[in-house]
Amino acid sequence: MTAQSDYPFTPIPFTDVTFTDNFWAPRLQTNRRVTLPFNFRKCEETGRIDNFAKAAGWMEGQHEGIFFNDSDVFKVVEGAAYCLALSPDPELDSYLDDLIVKFAGAQEEDGYLYTARTIDPGAVRADREGLTRWSNLRVNHELYNVGHLYEAAVAHFQATGKRTLLDVALKNADLIDSVFGPDKRRDVPGHQEIEIGLAKLYRVTGDERYLRLAKFFLDERGHANGRELYTNFGNPGYMQDHLPVVEQSEAVGHAVRAVYMYTGMADVAALTGDASYIAAIDRLWENVVGRKLYLTGGIGARHTGEAFGDDYELPNTEAYTETCAAIANILWNQRMFLLHGDARSMDVLELALYNGFLSGVSLSGDEFFYTNPLASDGKTAVNRGRIGRQPWFDCSCCPTNDVRFIASLPGYVYASDADSLYVNLFVAGEGRVEMGGQSVRLRQETNYPWQGRVRLRVDPARRAEFALRVRIPGWATIRPVPSDLYRFLDVSDAAPALTVNGETVTPALEKGYAVLRRVWQPGDVVELALPLPVRRVLCHEAVEGNRGRAALMRGPLIYCVEGVDNGGSVADLSLADDAPLTVEHRPELLNGVTVIRGEGAQPFTAIPYYAWSHRGAGEMAVWIEREVG
Ligand code: FUB
Ligand code: ZN
């Protein structure tokens, strides 16, 4: 295996992009001020942090909670490191220093870090932690936990320049590398994640052993090599161990595991140039986007096994659509963009971002959805056995994932290659990028997603020739998602329009980007006008639950109807195809939302899906019955 450079497209790092908008900037503030400290407090209250002190021998007591709880702390640390990178905070910095001392204390002499065993090796169970190290990888998350450690360590090192956590991570990775490999122990983690972490360790150290190990864990899947292939819940593909990864074409099994794996494959493909990996994840992407994607960008239909369903198995009330799976979908689609430079991946990413992911975090930042169904009777407990948003869960993978993801969001807006600058998301704020050997400042002014006008000031330090590639979202032209899974009911003649310095331009569209190639001058202004009519969306007939139903979409936002706005019930609501629909911005409602009003025989109000369940339990539906006749 020869390491090659990296992805052909490079994201502009989140540290070089700032948000000043009214939609995301407040979310990032809430994440920093509420969600982050809240997550740390919960990790303290639930013994997740004490587990490290106990493993270090500094505290008495048994391991508390689930055997993969270490990973939650690592994920929050990763989020904290991103916050630190964005703005210095001595208190947070020293809180992390203290935590890292505990992690280092919990680490065994040879690098092993897994508090569930170290605290009391006699208290482990064969069917959980495994009686000895690595003996129950199918279940025990020994390798999953440290994948999150590696991601946190790289983030902390990059934010602070301190090697403390990175040294803990490398010592652990060196141990794993000494145990696993083609001539050593041949096994794979039951839950993928270490592959992503190892790719990051490789990037930061340049040490090819980490990249080789990531590739080993991927290549070993689906090959027995002396072990029994992993299955669960009667599902041979539950852990994506049913076939060699390069032969996989259908997304099956546990959704987070699967999509972390596809993300890791993209990283390894970018770093090694392995075309068979790319061919496999391209096929898997077609399968997910064509047959297994909710209109909200959520994935993973089944509660049993937190898993993908069969093709077109996309129930609404029973949808599992875990928040972590929406995050995984975003991580994967960013990588797919970085491989191919195709806006279709950004269309999927944007859909998941504004809908299936965002519904998972309350406006206040301290209540969460684990599952994100597309319909609710308001009575059935679906959110890990509870009704409505919850502050925490025994398995709190989602709240802890939210923290790290939101903090890193500015890194998804822009990207570049040798001669092009890509504008992928529309968020008011500033960015800075090196193009053609000089610094270019970008300033977006927009009230997206409520309004479709985007004013982009392009400020190179000196005249510079490059192509500015502005994403024209699929929803603004032909289709809500880049497949035939969903389609617009009506044809809209409103088309996106672009001007440069006030003059209308009609640039070529390449891979979903309007290509503006010119010599840019300081102060040049590009204006994009994306029409935002309310669109009715229909679903592929093969999805049983959506037959005869329509959903409402405006820009990247999917809407839902909630009982509280509609006389208590939405179950019997129906919508005529020609019923007039109007919009109204309501600054006082749900931190400011644009609502859709149906003005037909049955008047109704719809709100953005992400904002549902903030006003008590009640009925909710994304897909509304179409009135016949
Ligand atoms: O197993 C670790 C995490 O917990 C998974 O990613 C989630 O689906 C939840 O099961
Ligand atoms: Zn989760």
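For the single chain, residues carry numbers from 1 onward in sequence order. Atoms within each ligand, like the ligands themselves, are counted from 1 in listed order. If you're wondering where the values come from, they're calculated on a predicted model, not measured in any experiment.
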- prompt: Which angle, to the nearest 10 degrees, do you find at the Zn ion (ligand 2) between SG in C324 and OE2 in E322?
  reply: 110°
- prompt: Under the 6.0 Å and 45° cation-pi test, does R128 pair with F67?
  reply: no
field: Short N-O contact, R125 and D127, less than 4.0 angstrom
entry: yes
- request: Could you tell me the angle subtended at the Zn ion (ligand 2) by SG of C398 and SG of C397, rounded to 10°?
  value: 120°
message: Using a 4.0 Å heavy-atom cut-off, which part of Y370 comes near ligand 1: side chain, backbone, both, or neither?
response: side chain
- line: The closest protein heavy-atom partner of atom 8 (O) of ligand 1 is E322 OE1, 2.7 Å
task: May I ask you to check if ligand 1 and Y144 share an N or O to N or O distance below 3.5 Å?
output: no
message: Using a 6.0 Å distance limit plus a 45 degree cone around the ring axis, check whether R133 lies over the aromatic ring of Y112.
response: yes
- request: Name the closest protein heavy atom to atom 2 (C) of ligand 1, giving the residue it belongs to and the distance to 0.1 Å.
  value: H141 NE2, 3.4 Å
query: So, does E193 sit close enough to ligand 1 that a heavy atom of it is under 4.0 Å from the ligand?
result: no
field: atom 6 (O) of ligand 1: nearest protein contact (heavy atom, Å)
entry: H191 NE2, 2.7 Å
Heavy atoms of other groups near R33 CZ, more than 12 under 6.0 Å: no
task: Using a strict cut-off of less than 4.0 Å between a Lys/Arg side-chain nitrogen and an Asp/Glu carboxylate oxygen, indicate whether E129 and R117 qualify as a salt bridge.
output: no
- prompt: What is the ring orientation for Y260 with H191, classed by angle as parallel under 30°, tilted 30 to 60°, or perpendicular over 60°?
  reply: tilted
message: Show me which atoms of ligand 1 lie under 4.0 Å from any heavy atom of C395.
response: 4 (O), 9 (C)
message: What I want to find out is whether K54 reaches D50 closely enough, with some N-O distance under 4.0 Å, to be called a salt bridge.
response: no
statement: One finds that the ligand 1 atoms under 4.0 Å from a non-hydrogen atom of E306 are 7 (C), 8 (O), 9 (C), 10 (O)
